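Heads up: the structure comes next, in structure tokens.
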Amino acid sequence: METQIKVLLLSFGITVILSLFIIPILKKLKVGQIEREEGLKSHLKKQGTPTMGGIIMMVAITIVSVLMFVYYRTREFEVAKNLIPLVTVLLGFGIIGFLDDFRKLKFKNTDGLKPAVKMLGLLIISAAFVVYITKVLNIGTDIFIPIAKTYFTLPLWIYIPFAIFILLGTTNAINLTDGVDGLATSITTIVVTCLTMISLMLGDFKEITIIGSLIIGTCLGFLLFNLKPAKVMMGDTGSLMLGGAIASIALYLKLPLLLIIICIIPIIETFSVMIQVFHYKRTGNRVFKMAPIHHHFELSGWNENKVVSVFSIITLIACIVGINII
């Protein structure tokens with residue numbers, strides 16, 4: 001436990017220091033947030049706020065991961081080796097997000113990468129990770145069923161597409177959740193803390209406690225600059241990476257079904273968009289004032305801090321429930 005606390009504090013400190021240096025650089029390069037014209041009018045004032053802040057998290061995670069690999073390489077090589085796929089999938093998703101953000105900034109619009117290209121990149125990284133953990137690390141294809149407290153083994157040909165779906169779905173859900181200052185960062189911090197605590201309860205998952213502590217520390221450090229009024233936005237660089245972090249840890253622990261509970265807010269955000277689009281195409285009317293649903297609450301009179309606070313409390317309660325049904 002002492003090592004995990006040190007990792008958390010180290011990643012927190014490095015993230016804060018990097019933020020102090022990188023945010024002014026992003027401002028100087030005019031790497032500013034681009035808001036949709038059809039979006040919330042109250043968000044137009046965020047136009048120009050430095051974005052692509054996920055780079056800060058990527059650099060911090062890379063630095064601490066390298067240090068942890070070097071530390072464990074001669075002490076517990078198995079732990080060091082198992083850190084590689086977990087870190088690689090995070091950085092891979094982060095790179096796809098970076099390319100998306102870069103295109104938005106280059107062409108001064110909110111389009112970014114073509115959806116098909118973006119999805120293909122995420123799909124390749126997801127497939128590579130799932131094949132690696134099943135074929136190389138041999139973690140098996142069994143998944144834990146909460147409440148029933150039993151494991152169910154899926155055939156490999158079902159498990160691989162299922163696991164890829166979990167990665168893509170979670171990544172997209174966190175990406176949709178990232179629309180209010182500090183929201184995606186806060187939700188991710190709580191969910192990853194929950195998964196890290198579960199890994200400690202289960203035992204024999206030191207690599208997960210390390211990567212979990214690393215992500216928690218990085219998110220907390222970034223949150224200092226991401227709370228309203230945000231001094232920096234994470235962009236797709238950060239949100240895709242954080243979604244990949246949650247999904248990869250859950251798969252590694254054989255707990256993808258637990259995400260239905262502990263990721264209730266990102267799931268609701270995703271369904272709000274799906275419902276809005278489906279209903280609008282059928283009837284021409286909207287179910288929500290605006291989707292994702294956090295914008296609906298903003299238009300209903302909630303300020304951003306209230307949205308973050310309420311959604312975080314709901315996530316915390318869901319995580320407590322999740323821990324108790326394991």
Side-chain angles (χ1 to χ4, degrees), residues 33-44 46-47 93 96-97 100-101 103-104 107-124 126-127 158 161-181 183-184 187-188 191 233-236 239-240 242-244 246-247 250 256-304 306-308 310-315 317-318:
Q33 176 79 358
I34 299 172
E35 294 291 337
R36 293 178 301 161
E37 289 297 326
E38 68 274 17
L40 284 170
K41 299 304 178 185
S42 61
H43 282 211
L44 292 177
K46 299 182 182 184
Q47 192 95 0
F93 282 159
I96 298 296
D100 191 46
D101 287 334
R103 280 189 62 86
K104 291 175 184 176
F107 296 106
K108 303 297 181 183
N109 59 45
T110 58
D111 294 339
L113 290 174
K114 291 182 179 179
V117 174
K118 184 176 177 180
M119 187 57 66
L120 178 62
L122 296 173
L123 179 62
I124 291 171
S126 299
I158 293 179
F162 168 74
I164 291 173
F165 171 77
I166 293 295
L167 281 158
L168 296 178
T170 306
T171 301
N172 184 64
I174 296 297
N175 186 233
L176 290 173
T177 305
D178 182 33
V180 173
D181 292 354
L183 181 58
I187 297 296
T188 299
V191 170
M233 308 287 192
M234 70 169 68
D236 281 11
S239 61
L240 294 183
L242 295 182
I246 292 172
L257 295 182
L258 187 66
L259 295 181
I260 297 173
I261 298 171
I262 65 177
C263 284
I264 185 63
I265 289 298
I267 289 172
I268 290 173
E269 296 271 26
T270 303
F271 274 104
S272 71
V273 173
M274 294 170 64
I275 292 168
Q276 186 86 322
V277 172
F278 177 76
H279 188 73
Y280 186 78
K281 285 183 176 180
R282 285 194 62 194
T283 67
N285 297 316
R286 292 177 171 84
V287 176
F288 306 104
K289 294 178 180 179
M290 186 178 289
I293 200 168
H294 55 255
H295 290 322
H296 170 82
F297 285 110
E298 284 187 273
L299 289 172
S300 298
W302 290 22
N303 60 41
E304 291 187 56
K306 182 173 181 179
V307 172
V308 174
V310 173
F311 282 24
S312 295
I313 290 170
I314 292 171
T315 301
I317 293 170

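Not measured: the values here are computed from a predicted model. Residue numbers run from 1 in the order of the sequence given.
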Is any side-chain heavy atom of [Y] closer than 4.5 Å to one of [X]?
X	Y	value
E304	V307	no
F278	T283	no
I246	C263	yes
N175	D236	yes
L122	F93	yes

Test your reading of the model: is there a side-chain donor-acceptor pair from Q276 to the backbone of V287, 3.5 Å cut-off? yes
Sidechain-backbone polar pair: E269 side chain, P292 backbone, donor-acceptor under 3.5 Å: no
Which residue is it: I174, V310, I187? I am looking for the one with a side-chain contact (heavy atoms from CB on, under 4.5 Å) to I265. I187
Rounded to the nearest 0.5 Å, what's the gap from [atom1] on [X] to [atom2] on [Y]? Could you check?
X	Y	atom1	atom2	result
T177	L183	OG1	CG	6.0 Å
D101	I96	CG	CD1	11.5 Å
L168	S126	CG	OG	4.0 Å
I314	I268	CD1	CD1	6.5 Å
F165	L123	CZ	CG	13.0 Å
K118	T171	NZ	OG1	10.0 Å

Can you give me the closest heavy-atom contact between [X] and [Y], atom names plus distance?
X	Y	result
T315	I262	CG2-O, 3.8 Å
S272	A291	O-CB, 3.9 Å
D178	M234	OD2-CG, 3.4 Å
L113	R103	CD2-CD, 3.3 Å

Determine whether more than 12 heavy atoms belonging to other residues, nucleotides or ligands lie under 6.0 Å from atom CZ of F162. yes
The residue among H296, H294, H295 that forms ring pair (Phe, Tyr, Trp, His ring centres under 6.0 Å) with F288 is H296
Tell me, with the steps shown, if D181 and V308 meet side chain to side chain contact (heavy atoms under 4.5 Å, CB included). CA-CA 8 Å; D181 292 354; V308 174; 6.0 Å; no
